[in-house]
Amino acid sequence: MAGWSQDEEVPVIVVGGVLVLAGLVLSVAMGGESPGGWLLPIGLLAGGAGVLVAGVLALLRRRIAVVRGVARAHRSAPAGGPVRRAAAVPRMVVASARGRNPLLPRYQVLLWLVAGAYLVWPLDFVPDLLPLLGIGDDIGVGAWLLTSLYAEAGNYLAQGVASEEDAAESAGDASRSR
């Protein structure tokens with residue numbers, strides 16, 4: 001995928017769609033009555049779906065400029081240990097919500113808030129009564145939330161945004177005390 005040009009995603013998507021369509025047609029035509037007759041349609045469906053998803057993802061990756069900006073922000077070396085990162089999370093969220101953190105888009109803060117609300121909300125997409133599946137969605141959302149906050153706090157500290165915010169706040173406090 002790394003060597004694709006911008007014009008190559010559309011044919012890949014078309015090929016994936018043709019494979020999925022061929023799998024559907026064969027599954028209806030063959031009906032699984034012959035021995036092993038289900039292998040070819042299932043293989044075409046799975047292969048077509050994989051190619052289709054890869055083509056769509058490659059197309060979206062090129063079209064969304066925000067992803068490139070976030071990728072550039074993640075290339076810097078993260079800084080700070082777990083305690084320092086945890087202390088930086090509230091400042092990072094406030095700075096990002098106010099638009100003062102250019103490395104982190106505001107929609108990321110919204111996703112964090114939605115994930116936090118989902119974790120404490122009593123209703124789930126998958127009920128907790130189902131063994132493993134019910135708590136699995138909560139574990140997945142919680143793991144994503146914690147790792148995302150941890151990584152972004154490291155990037156926030158590495159870019160010096162935290163020190164600039166602290167300097168601005170301390171300068172504001174000093175001017176107010178006069």
Identify, with sequence neighbours excluded, every residue that meets side chain to side chain contact (heavy atoms under 4.5 Å, CB included) alongside L111. Y107, Q108, W144
Give a yes or no on whether L113 and Y118 share a hydrophobic cluster (residues Ile, Leu, Val, Met, Phe, Trp, Tyr; joining criterion: side-chain heavy atoms under 4.5 Å apart). yes
So, do M92 and L149 sit near enough that their side-chain heavy atoms are less than 4.5 Å apart? yes
Could you tell me if the side chain of L157 sits less than 4.5 Å from the side chain of R91, heavy atoms only? yes
In this structure, would L119 and V93 fall into the same cluster of hydrophobic residues linked by side-chain contacts under 4.5 Å? yes
Kindly indicate whether the side chain of L44, heavy atoms from C-beta on, has any atom under 4.5 Å from the side chain of V20. no
Euclidean distance, L19 CG relative to L24 CG, rounded to 0.5 Å: 11.0 Å
Search all heavy atoms of A115 against all heavy atoms of L145 and return the closest pair with its distance. CB-CD1, 4.2 Å
Cluster link L45 to I13, ILVMFWY, side chain under 4.5 Å: no
Could you check if a side-chain atom of Y156 sits within less than 4.5 angstrom of a side-chain atom of L104, using non-hydrogen atoms only? no
Measuring from atom CG of L52 to atom CG of L21, what distance do you get when rounded to the nearest 0.5 angstrom? 11.5 Å
Would a 4.5 Å heavy-atom cut-off, applied to side chains only, mark V89 and Y150 as touching? no
